[in-house]
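The structure appears right after this line, and notes come after that.
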Amino acid sequence: MNAPSDTAMKHERPSWDDYFVSLVREISKRATCDRGRSGCLIVKEKRIVCTGYVGSPPGMEHCDEAGHLLKRVMDEEGGVKMHCVRTIHAEQNALCQAAKYGIGLDGATLYCSMEPCRTCAMLIASVGISRVVAMKRYHAGQDTRGIFEQAGIELDIVDNSFETYEQQ
């Protein structure tokens, strides 16, 4: 067997965060709403315990099949945003998967495509998740940051830019 040459590139293992974030990108490919193909991965003690992606509940039509079910939502400044309500958020699907299979999440880390929405943030706090790693910011993430701060949940953002999608 030949010894590696000095010019050969040394393999560098990704950090745990980089590894799990890369898996979130793969999980998000299963999402069925093209407005926000996001994914979620929940880890305990460096072990994957559940995953989720944006999609409709089992047996119901997906956006990719039936189109979006858009509702107008007014923000605090009076601006109107469009929100698709046909699907469940990736974080919600991961939390539901844990509940369905009796997996406790106290002290777990949640990895996701973008900062969770307010509702997801409250659910995350309720189940005892202690850390959230989001790939990007969410345009309405200020409530989430406040909830996480009050609940003592560490929030790490990989890329400080905001996630954008059609008809936002």
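Quantities reported herein were computed from a predicted structural model and do not represent experimental measurements.
Connection of Val49 to Phe20 is not established within any shared hydrophobic cluster, with ILVMFWY side chains joined at heavy-atom distances below 4.5 Å, either directly or through further cluster members. Residues Val133 and Val54 fall into different hydrophobic clusters, defined by Ile, Leu, Val, Met, Phe, Trp and Tyr side chains chained together at heavy-atom separations under 4.5 Å. In the hydrophobic clustering of this structure, Ile153 groups with Leu110; members are Ile, Leu, Val, Met, Phe, Trp, Tyr whose side-chain heavy atoms approach within less than 4.5 Å, directly or through other members. Hydrophobic clustering, with ILVMFWY side chains joined whenever heavy atoms are under 4.5 angstrom apart, groups Ile129 together with Leu123. In the hydrophobic cluster analysis, where Ile, Leu, Val, Met, Phe, Trp and Tyr join through side-chain heavy atoms closer than 4.5 angstrom, Val85 is grouped apart from Met74.
Taking SG of Cys120 as the start and OH of Tyr138 as the end, the distance is 9.0 Å to the nearest 0.5 Å. In this structure, SG on Cys50 lies 8.0 Å from CG on Leu41, to the nearest 0.5 angstrom. Between atom CE of residue Met114 and atom OG of residue Ser28 there is a gap of 10.0 Å, rounded to the nearest 0.5 Å. Taking NZ of Lys44 as the start and CG of Asp106 as the end, the distance is 6.0 Å to the nearest 0.5 Å. Atom OG1 of residue Thr51 and atom CD of residue Glu26 lie 12.5 Å apart, to the nearest 0.5 angstrom. Of the inter-residue distances, the one linking Cys40 atom SG with Gln92 atom CD reads 10.0 Å to the nearest 0.5 angstrom.
Within 6.0 Å of CD in Gln142 there are more than 12 heavy atoms belonging to other residues, nucleotides or ligands. Open room surrounds CZ on Arg30; 12 or fewer heavy atoms of other groups in view lie less than 6.0 Å from it. Counting non-hydrogen atoms of neighbouring residues, nucleotides and ligands closer than 6.0 angstrom, the CD atom of Glu65 exceeds 12 such neighbours. More than 12 heavy atoms of other residues, nucleotides or ligands lie within 6.0 Å of CE in Met122, so this atom counts as buried by the packing criterion.
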Taking it one step at a time, do Ile124 and Phe148 satisfy side chain to side chain contact (heavy atoms under 4.5 Å, CB included)? CA-CA 9 Å; Ile124 289 164; Phe148 285 173; 4.1 Å; yes
Side chain to side chain contact (heavy atoms under 4.5 Å, CB included), that's the test. Do Arg37 and Asp64 meet it? Break it down for me. CA-CA 11 Å; Arg37 292 200 195 276; Asp64 289 349; 3.1 Å; yes
Please lay out, stage by stage, how Thr87 and Arg35 fare under the test side chain to side chain contact (heavy atoms under 4.5 Å, CB included). CA-CA 11 Å; Thr87 58; Arg35 292 188 73 242; over 6 Å; no
How far apart are the C-alpha atoms of Met82 and Arg72, what are their side-chain angles, what is the distance that settles it, and do they pass the side chain to side chain contact (heavy atoms under 4.5 Å, CB included) test? CA-CA 5 Å; Met82 298 302 289; Arg72 286 184 171 88; 3.4 Å; yes
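A side-chain donor-acceptor contact under 3.5 Å links Asn93 to the backbone of Tyr53. In this structure, the side chain of Thr144 engages the main chain of Cys117 through a donor-acceptor pair within 3.5 Å. Formation of a donor-acceptor pair under 3.5 Å by the Ser130 side chain with backbone atoms of Gly107 is found in this model. Between the side chain of Ser113 and the main chain of Gly39, a donor-acceptor pair closer than 3.5 Å is present. Although no hydrogens or angles enter the test, the distance criterion places no donor-acceptor pair under 3.5 Å between the side chain of Arg86 and the main chain of Ser56. For the pair Thr109 (side chain) and Val43 (backbone), a donor-acceptor distance under 3.5 Å is absent.
Partner of Ile48 under the side-chain contact (heavy atoms from CB on, under 4.5 Å) criterion, chosen from Ile42, Leu23, Ile27: Leu23.
Residues passing the side-chain hydrogen bond (donor to acceptor under 3.5 Å, both in side chains) test with Arg145 are Glu115, sequence neighbours excluded.
Ring pair Tyr19/Trp16 is perpendicular by interplanar angle, where above 60° counts as perpendicular and below 30° as parallel. Using bins of under 30°, 30° to 60° and over 60° for the plane-to-plane angle, the ring pair His83/His89 lands in the perpendicular bin.
In terms of heavy-atom proximity, Arg131 sits nearest to Tyr111 at NH1-OH, 3.7 Å.
With contacts defined as side-chain heavy-atom distances shorter than 4.5 Å, the pair Pro116/Val132 qualifies. Asp159 is not listed as a side-chain neighbour of Met135, based on a closest heavy-atom distance of 4.5 Å or more. The side-chain heavy atoms of Cys84 and Cys63, taken from C-beta on, include a pair separated by under 4.5 Å.
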